[in-house]
*Asks:* 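Structure incoming, see below.
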Amino acid sequence: MSSLHLYNTLSRKLELFQPITEGHVGIYICGPTVYGPPHLGHVRGPIVFDVLRRYLIHNGYNVRFVRNITDVGHLVGDFDGGEDKLLKQAKVEKLEPMEVAQTYTNAYNAVMDKMNIIKPSIEPRATGHIIEQIEMIQAIMDAGLAYTINGSVYFDVIAYNTNNNYGVLSGRILEDLQSGHDAISSGPNFVPSQGRALESQNEKRNPSDFALWKKASPEHLMQWNSSWGKGFPGWHIECSAMSAKYLGAYFDIHGGGLDLLFPHHEAEIAQGIVAHKHTPAKYWIHHNMITIAGQKMAKSLGNGVLAEQLFNGSHALLDQPYSPMTLRFFVLQAHYRGTLDFSNNALLAAQKAWQRMQSAINLIDNLKVVDGKGSMEVDDIVLGIRESMNDDLNTPQVIAHLFELCRRINLVNDGKDQISLRVKTLVQQLRDDVCFGFLGLILDDKSNSDGLNDAMQILLDLRKNAKKENNWVLGDQIRDALKEKGFEIKDTPEGTVWKL
RNA sequence: GGUCGGAUGGCCGAGCGGCUAGGCACGGGUCUGCAAAACCCUUUACAGCGGUUCGAAUCCGCUUCCGACCUCCA
């Protein structure tokens with residue numbers, strides 16, 4: 001494919017990417033609800049869309065990338081009678097709701113930085129856009145597609161569905177949904193979780209309706225004035241209001257996890273069509289979930305692995321810590337639309353693979369070139385990488401091509417193949433544009449501290465002397481002891497090199 | 001119960017009508033004081049049963065398992 005194609009959930013097809021305005025791309029990503037520390041599931045989306053963003057920039061586009069922070073409105077438990085997630089956590093931790101939001105926003109962004117994810121162009125918060133949300137709710141009211149009950153406002157899905165299709169994105173049929181509501185609450189598989197607020201459920205005209213504005217009880221810590229009384233915005237409206245504010249009523253790409261497809265994104269489309277008279281986005285991109293033992297990783301299932309636990313190796317499933325770049329590499333080794341199963345073995349394999357790639361990368365600049373034409377070429381790799389990226393961001397294939405490149409680099413390094421200056425320059429370009437470029441990988445750099453370097457040199461000199469005197473026992477002792485601490489020693493014709 | 005996806009070698013994961021990725025692990029070799037690294041070689045998998053086709057892991061049907069969504073989730 002000579003140009004970028006993306007799988008659009010809206011059409012369920014691979015589509016040629018063509019921006020609405022030539023040369024510019026607007027992207028909106030549903031960010032986290034900040035009520036807990038970031039886990040592995042929170043990391044996949046940002047990586048996937050970071051690669052998309054970098055690739056678009058690589059292709060010369062001007063990209064505005066908006067990723068929100070949801071710090072109000074998201075309800076805990078089932079149905080709209082649940083408690084606000086932020087509020088609940090605030091009570092648990094005896095903190096201001098804003099303090100909770102700030103704490104976990106910081107934690108989230110710290111992980112983003114470690115993963116080498118470019119910061120959003122704009123990072124709007126739901127609480128900072130209450131007015132915009134109220135205005136949008138009013139517009140929906142004015143259009144006659146929302147109704148007020150007891151100080152709350154609900155979107156009238158049934159009425160909307162008469163002239164529109166509530167289900168364009170998720171492929172759902174409203175009638176099925178209706179019967180689904182019955183079946184789910186009476187069927188054999190229905191398991192009621194926490195307390196279901198029946199009053200709130202009943203005040204909606206229809207189970208499919210969703211809240212635009214919720215009335216706040218007096219003790220509710222987060223509430224704002226509105227013409228419907230004191231309350232707080234519903235979950236879906238914040239993304240609609242903020243995306244429209246910063247990207248316009250119609251923008252290029254809306255992304256998020258597959259689990260947000262319904263009802264969140266479906267609701268966003270309905271809200272956008274009613275309030276802004278336009279479907280919000282041209283391309284809807286959804287990444288799949290990270291699973292653990294075949295099941296979705298989710299906070300509610302209690303099988304989550306925190307990012308921090310991965311980085312320090314403290315989780316029971318892990319034998320050791322893994323670096324942020326190992327995680328990034330691990331994520332990119334799978335296609336974004338498939339599930340990715342997490343395990344210590346899978347992480348270990350990714351770590352070794354990434355180390356192998358780094359070793360080859362480190363050889364590039366010192367590769368000896370031959371005059372004229374060398375036998376090593378990379379044109380097929382350059383082409384292959386472009387084709388793979390253009391085919392719905394097939395990063396696993398890109399990485400496979402990169403490993404073929406590593407093989408050739410090693411061959412040249414071993415003197416078994418020859419490279420010309422021209423091709424060497426191309427290889428350096430590939431490293432900078434692909435690996436460090438749109439894949440966003442950076443070398444794990446643990447061996448650069450000066451003091452460490454000096455100390456290592458002393459040990460290596462000792463070992464060299466021991467070897468000179470044929471004292472292999474001492475020499476191996478030094479090497480093995482270092483190895484035990486994670487230092488890898490390599491004897492090469494040019495001298496001994498080490499890495500951590 | 002409804003809707004939508006999956007089942008690929010020891011493991012992770014691409015491919016989606018013929019040329020049958022890649023990584024990790026395993027085995028053999030070159031190199032080396034021994035290692036490590038690197039390189040080379042070896043190992044033909046696509047849930048089961050039918051069907052379409054000159055040809056199917058790839059298309060169609062049935063069966064069996066698994067998952068996601070339908071209720072908060074990245």
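Numbers restart at 1 for each chain; the letters A, B, ... are given by sequence-line order, proteins then strands.
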*Asks:* Using a 4.0 Å heavy-atom cut-off across all strands, classify A/Met289 as base, sugar-phosphate, or nothing.
*Replies:*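 Answer is base: heavy atoms of A/Met289 come under 4.0 Å of a base.
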*Asks:* What integer number of Å spans the C1' atoms of B/G17 and B/A74?
*Replies:*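 That atom pair is separated by 36 Å.
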*Asks:* State whether A/Asn394 places a side-chain N or O below 4.0 Å from either non-bridging phosphate oxygen (OP1 or OP2) of B/G15.
*Replies:*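 So the side chain of A/Asn394 is within the cut-off, an N or O lying under 4.0 Å from OP1 or OP2 of B/G15.
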*Asks:* For the side chain of A/Ile290, counting heavy atoms from C-beta on, which of B/C39, B/A74, B/C70 is nearest?
*Replies:*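 Ranking B/C39, B/A74, B/C70 by closest atom to the A/Ile290 side chain puts B/A74 first.
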*Asks:* Out of B/C4, B/A68, B/C70, which has the shortest distance to the side chain of A/Lys296?
*Replies:*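 Nearest nucleotide to the side chain: B/A68.
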*Asks:* Tell me if the NZ atom of A/Lys215 is crowded by more than 12 foreign heavy atoms within 6.0 Å.
*Replies:*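 Result for NZ/A/Lys215: open.
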*Asks:* Give a yes-or-no answer on whether the side chains of A/Tyr154 and A/Glu203 include a donor-acceptor pair shorter than 3.5 Å.
*Replies:* yes
*Asks:* Quick one: which of B/G23, B/C12, B/A74 gets closest to the side chain of A/Asp341?
*Replies:* B/C12
*Asks:* Rounded to whole angstrom, note down the C1' distance from B/U42 over to B/G28.
*Replies:* 7 Å
*Asks:* Taking the six-membered ring of A/Tyr7 as reference, does the NZ or CZ atom of A/Arg337 fall below 6.0 Å from its centre and within a 45° cone about the axis?
*Replies:*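 Judged by the rule, A/Arg337 and A/Tyr7 form a cation-pi pair.
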*Asks:* Looking at A/Arg356, I'd like to know whether one of its side-chain N or O atoms comes within less than 4.0 Å of OP1 or OP2 on B/A37.
*Replies:*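 No.
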*Asks:* Any Lys/Arg nitrogen of A/Asp476 or A/Arg463 sitting under 4.0 Å from an Asp/Glu carboxylate oxygen of the other?
*Replies:*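 No.
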*Asks:* Using atom CD of A/Gln333 as one end and atom P of B/G15 as the other, report the distance to the nearest whole Å.
*Replies:*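 Whole-Å distance recorded here is 14 Å.
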*Asks:* Can you tell me the Watson-Crick or wobble partner of B/A38, both distances under 3.5 angstrom?
*Replies:*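 Looking at the geometry, B/A38 pairs with B/U30.
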*Asks:* Across the strands shown, which category fits A/Gly45 at heavy-atom distances under 4.0 angstrom: base, sugar-phosphate, nothing?
*Replies:*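 Since no nucleic acid heavy atom lies under 4.0 Å of A/Gly45, the category is nothing.
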*Asks:* Look at all strands and tell whether A/Leu340 reaches a base, only sugar-phosphate, or nothing, counting heavy atoms closer than 4.0 Å.
*Replies:*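 Contact class for A/Leu340: sugar-phosphate only.
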*Asks:* For B/C39 and B/U52, measure between their C1' atoms and round to the nearest Å.
*Replies:* 46 Å
*Asks:* Once you apply a heavy-atom cut-off of 4.0 Å, does A/Leu411 come out as touching a base, just sugar-phosphate, or nothing?
*Replies:*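 Here A/Leu411 touches the backbone only, sparing every base.
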*Asks:* Taking atom C1' in both B/G2 and B/G15, compute the distance separating them and give it to the nearest angstrom.
*Replies:* 32 Å
*Asks:* Taking atom types as modelled and ignoring hydrogens, do the side chains of A/Glu387 and A/Asn394 form a donor-acceptor contact shorter than 3.5 angstrom?
*Replies:*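 Note: A/Glu387 and A/Asn394 side chains miss the donor-acceptor criterion.
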*Asks:* Nearest nucleotide by nearest heavy atom, which residue falls closer to the 5' end of RNA chain B, A/Ser343 or A/Lys352?
*Replies:* A/Ser343
*Asks:* Roughly how far apart, to the nearest Å, are B/C59 and B/A38 at atom C1'?
*Replies:* 44 Å
*Asks:* With a 3.5 angstrom cut-off on both distances, give the Watson-Crick or G-U wobble partner of B/C65, or none if there isn't one.
*Replies:*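 Paired with B/C65, as far as the under-3.5 Å criterion goes, is B/G6.
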*Asks:* Which one, B/C39, B/A74, B/A14, comes nearest to the side chain of A/Arg407?
*Replies:* B/C39
*Asks:* B/C39 phosphate, OP1 or OP2: any side-chain N/O from A/Asn410 under 4.0 angstrom?
*Replies:* yes
*Asks:* Kindly say if A/Arg463 contacts the phosphate of B/C34, meaning a side-chain N or O under 4.0 Å from OP1 or OP2.
*Replies:*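 Answer is no, no contact under 4.0 Å.
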*Asks:* Output the residues of residues 395-406 of chain A in contact with RNA chain B, where contact means a heavy atom of the residue under 4.0 Å from an atom of the strand; sort by number or write none.
*Replies:* A/Pro396, A/Gln397, A/Ala400, A/Phe403
*Asks:* What nucleotide among B/A74, B/G23, B/A38 has an atom nearest to a side-chain atom of A/His39?
*Replies:*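 Taking heavy atoms from C-beta onward, the closest nucleotide is B/A74.
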*Asks:* Regarding A/Ser375 and A/Gln418, do their side chains bring together a donor and an acceptor under 3.5 Å, going by distance alone?
*Replies:* no
*Asks:* Please pick, from B/C34, B/A38, B/G67, the nucleotide with the shortest atom-to-atom distance to any side-chain atom of A/Asp476.
*Replies:*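 Output: B/C34.
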*Asks:* Students often get this wrong, so: under 4.0 angstrom with heavy atoms, is A/Asp480 touching a base, only sugar-phosphate, or nothing?
*Replies:* nothing
*Asks:* Have a look at A/Arg479 and say if it touches a base, only the backbone sugar-phosphate, or nothing, with a 4.0 Å heavy-atom cut-off.
*Replies:* base
*Asks:* Please list, chain by chain and in numerical order, all residues satisfying ring-ring contact (aromatic ring centres under 6.0 Å, His included) with A/His236, sequence neighbours excluded.
*Replies:* A/Phe210, A/His264
*Asks:* Take atom CD of A/Gln477 and atom C1' of B/A36, then tell me their distance rounded to the nearest Å.
*Replies:*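 After rounding, the reported distance stands at 18 Å.
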*Asks:* Do A/Ser359 and A/Gln355 have side-chain N/O donor and acceptor atoms under 3.5 Å apart?
*Replies:* no
*Asks:* Could you check which nucleotide pairs with B/G1 in any of the strands shown, counting Watson-Crick or G-U wobble with both distances under 3.5 Å?
*Replies:*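 WC or wobble partner is B/C70.
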*Asks:* Just how far, in rounded Å, is P of B/C39 from CG of A/Asp414?
*Replies:* 7 Å
*Asks:* Out of B/G33, B/A14, B/G2, which nucleotide sits closest to the side chain of A/Arg172?
*Replies:*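 Selected nucleotide: B/G2.
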*Asks:* Do A/Leu332 and A/Val48 have side chains that get closer than 4.5 Å, going by heavy atoms?
*Replies:*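 Contact flag for A/Leu332/A/Val48 side chains = no.
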*Asks:* When you compare B/G29 with B/A37, how far apart are their C1' atoms, in angstrom units rounded to a whole number?
*Replies:*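 Going atom to atom, C1' in each nucleotide, I get 16 Å.
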*Asks:* Can you tell me how far C1' in B/A45 sits from the matching atom in B/A14, rounded to whole Å?
*Replies:*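 Result for the C1' pair: 13 Å, nearest Å.
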*Asks:* Which nucleotide in the set B/G33, B/A14, B/A74 lies at the smallest distance from any side-chain heavy atom of A/His42?
*Replies:*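 Selected nucleotide: B/A74.
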*Asks:* Go through the N and O atoms of the side chain of A/Asn288 and the base of B/G6, and report whether any donor-acceptor pair is under 3.5 Å.
*Replies:*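 Not at all, since no donor on one side and acceptor on the other fall under 3.5 Å apart.
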*Asks:* Let's go through A/Arg408 and A/Asp417 carefully: what are the C-alpha distance in whole Å and the side-chain angles of both, what is the deciding distance for salt bridge (charged side-chain N to carboxylate O under 4.0 Å, His left out) to 0.1 Å, and is it a yes or a no?
*Replies:* CA-CA 8 Å; A/Arg408 293 184 198 175; A/Asp417 202 355; over 6 Å; no
*Asks:* Of the nucleotides B/C4, B/G13, B/G23, which one has an atom closest to the side chain of A/Ala349?
*Replies:*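 So the side chain of A/Ala349 is nearest to B/G23.
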*Asks:* Quick one: which of B/C4, B/A74, B/A68 gets closest to the side chain of A/Gln295?
*Replies:*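 Shortest atom-to-atom distance from the side chain points to B/A68.
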*Asks:* Return the pairing partner of B/G55 with a 3.5 Å limit on both distances, Watson-Crick or G-U wobble; otherwise return none.
*Replies:*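 When the pairing criteria are applied, nothing turns out to pair with B/G55, so the answer is none.
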*Asks:* What distance, rounded to whole Å, do you find between the two C1' atoms, one in B/U43 and one in B/U20?
*Replies:* 15 Å
